[in-house]
Amino acid sequence: MVHGLMKTSTKLLNICIDSLCKSRNLQKAESLLIDGIRLGVLPNVITYNSLINGYSRFVGIDEAYAVTHRMREAGIKPDVSTYNSLISGAAKQLLLTRAHQLFDEMLRSGLSPDMRSYNTLMSLYFKLGRHGDAFRILNEDVHLAGLSPRVDTYNILLDALCKSGHIDNAVELFKYIKSRVKPELMTYNILINGLCRSRRVSSANWMLRELERAGYTPNAVTYTTMLKMYFKTKMIEKGLKLFLKMKKEGYTFDGYASCAVVSALIKTGRAEEAYQCMHELVRSGRRSGDIVSYNTLLNLYFKDGNLDAVDDLLEEIERKGLKPDDYTHTIIVNGLLSIGHTGGAEKHLACLGEMGMQPSVVTCNCLIDGLCKAGHVDRAMRLFSSMEIRDEFTYTSVVHNLCKDGRLVCASKLLLLFYNKGMKIPSSARRAVLSGLRMTVSYQAARKTHHKFKAAIKSNAIADP
DNA sequence: CTAGGGTTAG
């Protein structure tokens, strides 16, 4: 009798602790655990697994691993679930070696990894761009372990194919797996997202119909994905119409769709409607209060020139203990540049460095472009030289701005260098250099440079595929 | 374990 009651209590304790952990309230979960022990309700492996999962997701792998010592002291041995949580914690921080260490430790403890353990490892390899290693796990390790992939494994595979630009292979794989497993709503969402990212509007709509034919109802994820595709393909009104439909039909819409709508409205100069949308979101009480929605709002205030609101919002972010991310810093740098405060923007970048953070490529790109446009080409070029990672935005921006500044020789030399590196630069950059050369140097010089560019692009096209 | 939102060039 007493034993039965205790079992019920532990179950209740576990439900409470798990829900606290899932909502990031790890402190409260810890004190509940202590209260439980005081009252004689003993934790079991499930209790500790919830904690480990929470620390893995929201704090860090070391903090999560520390809990395993506490559970061992309590006489409870970690199980496969424990290790799965730990491995996903390592995977979240892209710590491949750590993930493998934990995997080996699990094997040494006599535990057999399950499909989820392999899924986590595969997904990590995909995230690191090591597709070959991911497929090796699937084709060798999973087989050796006597396991077979289910729909969740295929979801990971499909998503990886979509995100690495192999959407056609993803669709092919989808057709193949349909004969083996029943696709989930998530499976359809992954494919729709892949099609939307490559702007295949009609294929995305076809996949949406397939989703419905399979008996599913589109959810907030499906609609947000479609919404973004409309904005990306400049079909703003169509996107807004879909947003209205989501609201009207009472779909489980949340802050995700609103952020996408607000940013599209800002980009098309409709600040008034953007404010309205943001206010609606706050009123609905669905604002999740995460850094993404703050970034969206911050961008809106900057673009609207509402600097007092910017100050207040930055203060609020700090007060709430939210960590500004790369997007936040980019928005701030861009905002400072837009009000002509180039020194402030440079200072912000320097501050990041002092705090031991690397500014992102995007942040640097914005500063380079802003400095150039404000006439400080030399300062921009100094930043350009110091960058370790550059992308096509960096190059395009630098070439265009050098041309505008009349430094055509420099621009053409750099462009040639980028072509030789195999970078994909929009043809507008080449046209800017050539027309500049024609106007300020000579038709002859432009023609010679044109040939050089063509040769570089051609030799790269052969070396690349 | 796996799906959707926010920043930059032309």
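Order of the sequence lines sets the chain letters (A, B, ...), proteins ahead of strands, with each chain counted from 1.
Proximity note for H400(A) (side chain, C-beta onward) versus dG10(B), dC1(B), dT8(B): the nearest is dG10(B). Set against dA3(B), dC1(B), dG4(B), the side chain of S88(A) has dC1(B) as its closest nucleotide. In the set dA3(B), dA9(B), dC1(B), dA9(B) carries the atom at the smallest distance from any side-chain atom of K373(A). Proximity note for S293(A) (side chain, C-beta onward) versus dG5(B), dT7(B), dA3(B): the nearest is dG5(B). Residue P426(A) has its side chain nearest to dG10(B) when only dG10(B), dT7(B), dA3(B) are considered. Relative to the side chain of K267(A), the nucleotides dA3(B), dG5(B), dT7(B) differ in distance, and dT7(B) lies closest. With dA9(B), dT8(B), dA3(B) as the candidates, the nucleotide lying closest to the side chain of V362(A) is dT8(B). When the nucleotides dA3(B), dA9(B), dC1(B) are ranked by their closest atom to the side chain of N53(A), dC1(B) comes out on top. The side chain of R116(A) approaches dC1(B) more closely than any other nucleotide in the set dC1(B), dT7(B), dT2(B). Looking at the side chain of S397(A), the nearest of the listed nucleotides dG4(B), dT7(B), dA9(B) is dA9(B).
Between E392(A) atom CD and dT7(B) atom P the separation is 17 Å, expressed in whole Å. Taking atom CD1 of residue I266(A) and atom P of nucleotide dG5(B), one finds them 16 Å apart after rounding to whole Å. Atom-to-atom, CG of L367(A) to C1' of dT7(B) comes out at 14 Å; the value is rounded to the nearest Å. Note: CG (L191(A)) to P (dG4(B)) measures 12 Å, nearest angstrom. Taking atom CZ on F302(A) and atom P on dT8(B), their separation rounds to 13 Å, with Å as the unit. Atom P of nucleotide dT2(B) and atom CD1 of I177(A) are separated by 17 Å, given to the nearest angstrom. Look at NZ on K232(A): it is 9 Å from P on dG5(B), rounded to the nearest Å. Separating the CG atom of L161(A) from the P atom of dT2(B) is a distance of 16 Å, rounded to the nearest angstrom.
Here S293(A) contributes atom OG and M278(A) contributes atom CE; the two are 5.5 Å apart, rounded to the nearest 0.5 Å.
A donor N or O paired with an acceptor N or O is not found under 3.5 Å between the base of dA9(B) and the side-chain atoms of N401(A). Donor-acceptor pairing under 3.5 Å, judged by distance alone, is present between the side chain of D290(A) and the base of dG5(B).
For Y256(A) and dG5(B), the ring-to-base geometry satisfies the stacking test (centroid distance below 5.5 Å, interplanar angle below 30°).
Side-chain N/O atoms of K127(A) include none lying less than 4.0 angstrom from OP1 or OP2 on dC1(B). For dA9(B), the OP1/OP2 oxygens have no side-chain nitrogen or oxygen of K404(A) closer than 4.0 Å. Residue N193(A) places at least one side-chain N or O under 4.0 Å from the OP1 or OP2 atom of dG4(B). Between S263(A) and dT7(B) there is a side-chain N or O to OP1 or OP2 distance below 4.0 Å. One finds no side-chain N or O of K228(A) lying less than 4.0 angstrom from the OP1 or OP2 phosphate oxygen of dG4(B). For dT2(B), the OP1/OP2 oxygens have no side-chain nitrogen or oxygen of K163(A) closer than 4.0 Å.
Relative ring orientation between H131(A) and F135(A) is described as tilted, the plane-to-plane angle lying within the 30° to 60° band. In this structure, Y395(A) and F418(A) have tilted ring planes: the angle between them lies in the 30° to 60° band. Taking the six-membered ring for Trp and thresholds of 30 and 60 degrees, Y301(A) and Y275(A) have ring planes inclined between 30 and 60 degrees apart.
Contact record, S85(A) with S56(A): O-OG, 3.0 Å, taken as the closest heavy-atom pair.
Counting any heavy atom pair closer than 4.0 Å across all strands shown, S428(A) reaches sugar-phosphate atoms only and no base atom. Nucleic acid contact class of K92(A) (heavy atoms, under 4.0 Å, all strands): none. N299(A) comes within contact range of the sugar-phosphate backbone alone, with a heavy-atom separation under 4.0 Å but no base atom that close. Within the 4.0 angstrom heavy-atom criterion, base atoms lie near I156(A).
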Just do the ring-ring contact (aromatic ring centres under 6.0 Å, His included) check on F174(A) and Y188(A) with the steps written out, would you?
CA-CA 9 Å; F174(A) 172 68; Y188(A) 287 98; 5.5 Å; yes
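When S109(A), S117(A), P113(A) are each tested for a side-chain contact (heavy atoms from CB on, under 4.5 Å) with V80(A), only one passes: S117(A).
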